[in-house]
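Residue numbering restarts at 1 for every chain, and letters A, B, ... go by the order of the sequence lines.
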Amino acid sequence: MLDPRALATQKDEIVESCRKRRVEVDLEQAMGLHERTAALQTDLNEANRQRNEHQTAGKRKLEPAEREAHSLEGRRLKEACAAIEAELETVRGDLNAAMRSFPNLIHPDVPEGGEDDFRELRRWGTPPDFGFAALDHVELAQKLDLIDFEGGARVAGQKFYYLKNEAALLELALQRFALDFLIEDGFTPFITPDLARPEVLDGIGFNPRGPETQVYSIANADLCLIGTSEITLGGLYADSILEESDLPLKLAGVSHCFRTEAGSAGRESKGLYRVHQFSKVEMFAFTQPEDSQIMHEHLLGLEEKIFQALEIPYRIIDVASGDLGAPAYRKYDVEAWMPGRGDAGEFGEVTSTSNCTDYQARRLRVRFKRKEAKQTELVHMLNGTAIAVSRAIIALLENHQRADGSVAIPTALRPYLGREVILPR
RNA sequence: GGAGAGGUGGCCGAGUGGUUGAAGGCGGCGGUCUUGAAAACCGCUAGGCGUUCACGCGCCUCGAGGGUUCGAAUCCCUCCCUCUCCGCCA
């Protein structure tokens, strides 16, 4: 959420961000509501002050008749306060609703446009030249008996799956590999809840309800299945004041991720690419405002190192304004080369890192205090994927397949998987 | 699931109707002492909102919401959460 006060002080920036993101907002209406809440707050303060004064006057002993008159006046003042309060609450609600429609500000370098207007920043690695007809991960998994899609569909429905044999081990190996890597960088490892309260989802910027929601809700509890541990990691310090010396705070979270994928029918979604459940190691960082851009680059760097260690070619894209999502100030995706995608291989998103500046922190009230400062400040919050297991498996299988039908395991992963190759059985 | 206890400031913890936004402690900040540090001692230290160029002034907040009262952290109701014991269970 944006600061309503920014509507006036950063008006041009807000308008520009909304234009670039192709989001329609009514800034004048929101400003009007904010001015109205301020005016009502002032009125309420004055009414309360009068009431307090009156109460203080009633502390001394009063004659019965005096007491009666005093009580009468007290009741009148109370009603006056209540009337203003009721109106303030209504206007506040409207303002809040209006503010929710405003996305975050936007980094000046973000390319303008929609999903296809990203800027490619760099590439690493060379797509493999197999010299044989490359298989996609679905075919590979079938030949190697690694994934049971039919079983998943029978038990849980379309877009569910069983990982089996080396794929099951691969899930654990990838998680542990990523965790060790992040711990080395100073992250604290977490295994988070897979469910969270709707308010937390909301604070992070996920819409738990509505027809287009990506979120599963639990029928008999006020809980949602998380789509990413960004939610549980980001929510961990809701309503708290961090010490300046605590920052930057780097958390690595392992969780299952659940997504309804409503409205994504027909999009490229073969096999493991777009599924209802997967596991993920997520990075999350809380920083001081002036450090968030450096941290964002750092998170991207970690994502790159992970895929370099996995020996998977990739490219980095600077996601375009229209595809950012409301909380993100800037977002980078790592797209891995997937030889089985499309006719002759294509890049497919495997990780994503966003700098959400103070947009999430404002609603979650995550603050910090500088030494000698009177007031607290909002922290900046950033997230990034270390490993999304299902998509990492796609990239691994497809890039490291060999002519004999086996799949080579990159050196860095061998100690974690306990084998050097996956052989046909 | 059953029974009980409890939710107070960054943290711990007093406080049962009126100068209590809240004792005390810890932590933090500043100072005295010291070559320096520690210890000891002294002082300061909640968050948020409105208003103001600013100093400041005012308002709100003791889990949340409602009620009683001129007046509520304190009494009543509802809800949420946490802890302990029992049951069940990986």
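The separation between A:L77 atom CG and B:U69 atom P is 16 Å, rounded to whole Å. Rounded to an integer number of Å, the gap from A:Q50 CD to B:G71 P is 15 Å.
Contact check, A:R51 against B:C70: no side-chain N or O comes under 4.0 Å of OP1 or OP2. When the side-chain nitrogen and oxygen atoms of A:R75 are compared with OP1 and OP2 of B:C70, one or more of them lie within a distance under 4.0 Å. Within the 4.0 Å cut-off from OP1 or OP2 of B:G58, not a single side-chain nitrogen or oxygen of A:N48 is found.
Among the heavy atoms of the strands lying under 4.0 Å from A:R197 are primed sugar atoms or P, OP1, OP2 only; no base atom is included.
Under the side chain to side chain donor-acceptor pair (under 3.5 Å) criterion, A:R154 pairs with no residue, sequence neighbours left out. Considering only residues two or more places apart in sequence or on other chains, A:D358 meets the side chain to side chain donor-acceptor pair (under 3.5 Å) condition with A:R362. Every residue was checked against the side chain to side chain donor-acceptor pair (under 3.5 Å) condition with A:Q158, not counting sequence neighbours, and none meets it.
Across all strands shown, nothing is found opposite B:G87 as a Watson-Crick or G-U wobble partner with both distances under 3.5 Å. The partner of B:U68 cannot be assigned: no Watson-Crick or G-U wobble pair with both contacts below 3.5 Å exists in any strand.
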Is there any protein nitrogen or oxygen under 3.5 Å from a nitrogen or oxygen in nucleotides 63-68 of chain B, and what are the pairs?
none

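Nucleotides B:G30 and B:A64 have their P atoms positioned 34 Å apart, rounded to a whole Å.
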Identify every side-chain donor-acceptor pair in residues 85-95 of chain A under 3.5 Å, counting partners at least two apart or on other chains, and give the distances.
from: A:E87; atom 1: OE2; to: A:R36; atom 2: NH2; distance (Å): 2.5
from: A:T90; atom 1: OG1; to: A:A86; atom 2: O; distance (Å): 3.1
from: A:R92; atom 1: NH2; to: A:Q41; atom 2: OE1; distance (Å): 2.7

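Between A:Y237 and A:F286, the two ring planes are perpendicular [angle over 60°; tilted spans 30° to 60°].
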With B for base contact, S for sugar-phosphate-only contact and - for none (protein heavy atoms under 4.0 Å), nucleotides 47-56 of chain B reads SSSSS-----
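Residues A:L44 and A:L72 both approach RNA chain B. Their nearest nucleotides, taken by heavy-atom distance, put A:L44 toward the 5′ side.
A donor-acceptor contact shorter than 3.5 Å links the side chain of A:T260 to the backbone of A:T213.
Partner A:P327 forms a side-chain contact (heavy atoms from CB on, under 4.5 Å) with one of A:M381, A:M1, A:E230, A:Q360 and no other, that one being A:Q360.
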Given A:H296 and A:Y332, is the ring-ring contact (aromatic ring centres under 6.0 Å, His included) satisfied, shown in steps?
CA-CA 9 Å; A:H296 195 202; A:Y332 301 123; 4.6 Å; yes
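A cation-pi contact, defined as under 6.0 Å to the ring centre and within 45° of the axis, links A:R341 to A:Y273.
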